[in-house]
Amino acid sequence: MALVVLAAEPRAAITLQEPQMRVLVAEDSQLLLRADADEPLRVRGLGHQERRLKRLKVQLRGGRLHLAGGGVATSLRISSDDPRGIWLGTRRYRGDLRLLVRDGRILAINQLGIETYLSSVVGSEMPSKWPLAALQAQAVAARTYALRQRGSKGDFDVRATVSSQVYKGIESETPSTLEAVATTRSLVLVHGGRLINAVFHSSSGGATEPSGEVWRTQHPYLVSVADHDDHSPVHRWNQQFDALELRRRFQETGGVNQLSVLATSSTGRVRSARIQGPRGSLVLTGRELRQRLGLKSTMVQFSMLQGAGASEGSEPRMGPDRAEPAPQLIGLWRDSVSGLKVSPSPSPAPVQPLRVGSLAPPPTPPPLPELPTSAPARATAPIEAPVLEARGRGFGHGVGMSQWGAHGLALKGADFREILRHYYRGALIRPYRPGDDPSVAASPPSGPVWRS
């Protein structure tokens with residue numbers, strides 16, 4: 001019996017341990033790290049003894065890490081006892097930083113507990129002043145997404161950018177994000193006994209997209225649902241591109257004389273389109289077209305206008321030398337398809353309160369009005385170069401939880417569980433278990449994997 005108890009103790013310790021995340025926060029040939037104040041950094045990897053340094057400049061030379069002031073290593077681990085964290089460039093991080101050399105670059109990987117990580121992710125992906133229910137829904141979705149990625153990429157689990165989910169370190173932690181994470185501690189979304197692919201986006205434009213119409217797999221929990229994002233500043237948008245810009249973006253065809261949508265998804269998003277220009281034609285997927293034009297989403301319709309017929313009130317035409325204004329909310333206003341940015345409009349429309357006990361979705365908004373494929377030229381006016389007008393809705397790939405929709409539901413009185421169940425149909429919300437983790441080969445215990 002004693003032997004059984006001894007054998008069980010390590011397993012019990014493992015089940016109570018908070019999972020650690022490995023987040024790729026920087027890639028470069030040179031990195032600068034420093035302590036926040038007088039507490040020195042603890043540096044391991046330079047010989048057998050730990051060194052204490054207040055400042056650390058690391059350069060890549062000959063496939064190895066060279067420290068300014070002396071010292072060469074193949075990898076380094078930097079830790080700090082200071083609760084204010086470790087400065088890397090212009091950001092501060094909790095936990096440890098590990099520096100590795102891969103493919104001619106220095107990788108900086110932040111290792112920390114998932115709950116600490118999430119306190120920053122929630123504040124990086126959503127405005128911290130949003131209702132608590134929306135922040136809690138974001139915390140559960142982000143926790144589920146992160147844990148599903150553990151062990152999938154070798155040296156790190158997730159990136160700190162929109163290609164995974166945005167993580168900006170200590171500066172994105174606020175009392176409200178800490179509360180959202182603490183009050184949902186260890187909760188994840190599960191379907192069929194496995195962590196779901198809890199993807200999310202900024203705004204769907206009225207209806208979310210089934211996963212199978214964007215990616216290869218149609219998950220039963222990622223189906224199209226009516227959104228609650230009609231108050232979103234990117235619910236509807238308009239962009240125009242002049243002839244010079246079209247020639248730059250479509251060099252193979254020498255510009256665009258006509259753009260024809262060949263296929264759309266069940267919600268009206270472009271799946272494929274043909275571009276015809278002076279030098280020939282080109283067929284692109286909706287995602288490729290979005291990347292070429294820098295569109296906010298693929299829920300879009302096009303028309304060709306003559307230069308003088310460009311509509312008023314549209315967004316400025318973006319030439320190669322004109323940069324868009326910096327976004328106020330990095331995570332909310334970009335997504336992994338193209339890393340696009342947009343500034344919110346000043347005053348979104350108010351949201352009507354939700355009736356108690358009701359989560360009936362609003363009707364899906366009507367489709368955008370059909371636009372002419374070309375505008376007739378005036379007989380008395382000189383023919384001008386055509387302008388491509390894109391009129392669309394939403395921002396992002398449209399799959400999974402809409403962040404603006406979560407905001408709208410929270411304002412109507414929904415709690416975070418109702419929000420999550422609306423966007424991830426049939427998913428179960430429960431504490432995480434070791435058997436949920438792709439990187440852990442163990443039978444799930446009866447209780448949560450870690451506790452406060």
Arg159 bridged to Glu27 by N-O distance under 4.0 Å: yes
Any donor-acceptor N/O pair, Arg143 side chain to Leu187 backbone, under 3.5 Å: yes
Residues Gly45 and Ala73: closest non-hydrogen pair is O-CB, 3.5 Å
Decide yes or no for Val300 and Leu289: does some side-chain heavy atom of the first lie under 4.5 Å from some side-chain heavy atom of the second? no
Please examine the side chains of His219 and Ile196, heavy atoms only from C-beta on, and report whether any two atoms are closer than 4.5 Å. no
Among Ser124, Ser128, Ser119, which residue meets the side-chain hydrogen bond (donor to acceptor under 3.5 Å, both in side chains) test with Ser172? Ser124
Distance-minimising heavy-atom pair for Leu65 and Leu99: CD1-O, 3.8 Å
Output every pair passing salt bridge (Lys or Arg N to Asp or Glu O under 4.0 Å) with a member in residues 64-88, not counting sequence neighbours, ordered by first then second residue. Asp36-Arg84, Arg42-Asp81, Arg77-Asp96, Asp82-Arg84
Quick check: does any side chain N or O of Arg94 sit under 3.5 Å from a backbone N or O of Pro83, one acting as donor and the other as acceptor? yes
Taking the side chain as C-beta and beyond, is there a heavy-atom pair between Leu67 and Leu76 under 4.5 Å? yes
Show the nearest heavy-atom pair for residues Thr116 and Leu112, with the distance to one decimal. CG2-CD1, 3.8 Å
Interatomic spacing from CZ in Arg51 to CG in Leu41 - rounded to 0.5 Å: 12.0 Å
In Ser211, Ser204, Ser224, the residue satisfying side-chain contact (heavy atoms from CB on, under 4.5 Å) with Val399 is Ser211
Aromatic plane relationship, His231 with His407 - under 30° parallel, 30 to 60° tilted, over 60° perpendicular: parallel
Decide yes or no for Thr217 and Asn197: does some side-chain heavy atom of the first lie under 4.5 Å from some side-chain heavy atom of the second? no
Residues in side-chain hydrogen bond (donor to acceptor under 3.5 Å, both in side chains) contact with Gln111, at least two apart in sequence or another chain: none
Nearest heavy-atom approach of Tyr424 to Ala141 is OH-CB, 3.8 Å
Please determine, by modelled atom types, if Thr267 and Arg269 share a side-chain donor-acceptor pair under 3.5 angstrom. yes
I need the single residue from Arg22, Arg148, Arg150 that forms a salt bridge (charged side-chain N to carboxylate O under 4.0 Å, His left out) with Asp157. Which is it? Arg22
Looking at Arg292 and Arg249, would you say the former's side chain and the latter's main chain have a donor-acceptor pair under 3.5 Å? yes
Indicate whether any N or O donor in one side chain lies under 3.5 Å from an N or O acceptor in the other, for Gln136 and Thr183. yes
What's the separation between atom CE in Met299 and atom CZ in Arg236, rounded to the nearest 0.5 Å? 10.0 Å
Donor-acceptor under 3.5 Å (Arg271 side chain, Ser265 main chain): no
Classify the side-chain pair Asp229/Ser402 by whether it contains a donor and acceptor separated by less than 3.5 Å. no
Hey, does the side chain of Glu18 reach the backbone of Ile114 with a donor-acceptor pair shorter than 3.5 angstrom? yes
Within residues 98-109 or reaching into it, pairs that qualify as side-chain hydrogen bond (donor to acceptor under 3.5 Å, both in side chains) - sequence neighbours excluded: Arg102-Asp155
Are any non-hydrogen side-chain atoms of Leu32 and Arg55 less than 4.5 angstrom apart? yes
If you measure from CG on Leu53 to CD1 on Ile78, what distance do you get to the nearest 0.5 Å? 9.5 Å
Suppose we call two aromatic rings close when their centres sit under 6.0 Å apart. Are His422 and His228 close by that rule? yes
What I want to check is whether the side chains of Gln403 and Gln138 have a donor and an acceptor closer together than 3.5 Å. yes
Closest contact, heavy atoms only, Pro233 versus Trp404: CD-CZ2, 3.2 Å
Anything under 30° is parallel, anything over 60° is perpendicular, the rest tilted; go ahead and classify Tyr145 against Phe200. perpendicular
Which one of Trp87, Tyr167, Tyr117 satisfies the ring pair (Phe, Tyr, Trp, His ring centres under 6.0 Å) criterion with Tyr93? Tyr167
Backbone N or O of Val166 within a donor-acceptor pair of the Glu125 side chain at under 3.5 Å? yes
Of the non-hydrogen atoms in Arg290 and His397, which two are nearest, and what is the gap between them? NH1-N, 4.1 Å
So, Glu288 side chain and Thr285 main chain: donor-acceptor pair closer than 3.5 Å or not? yes
Any donor-acceptor pair under 3.5 Å linking the side-chain atoms of Ser164 with those of Gln149? no
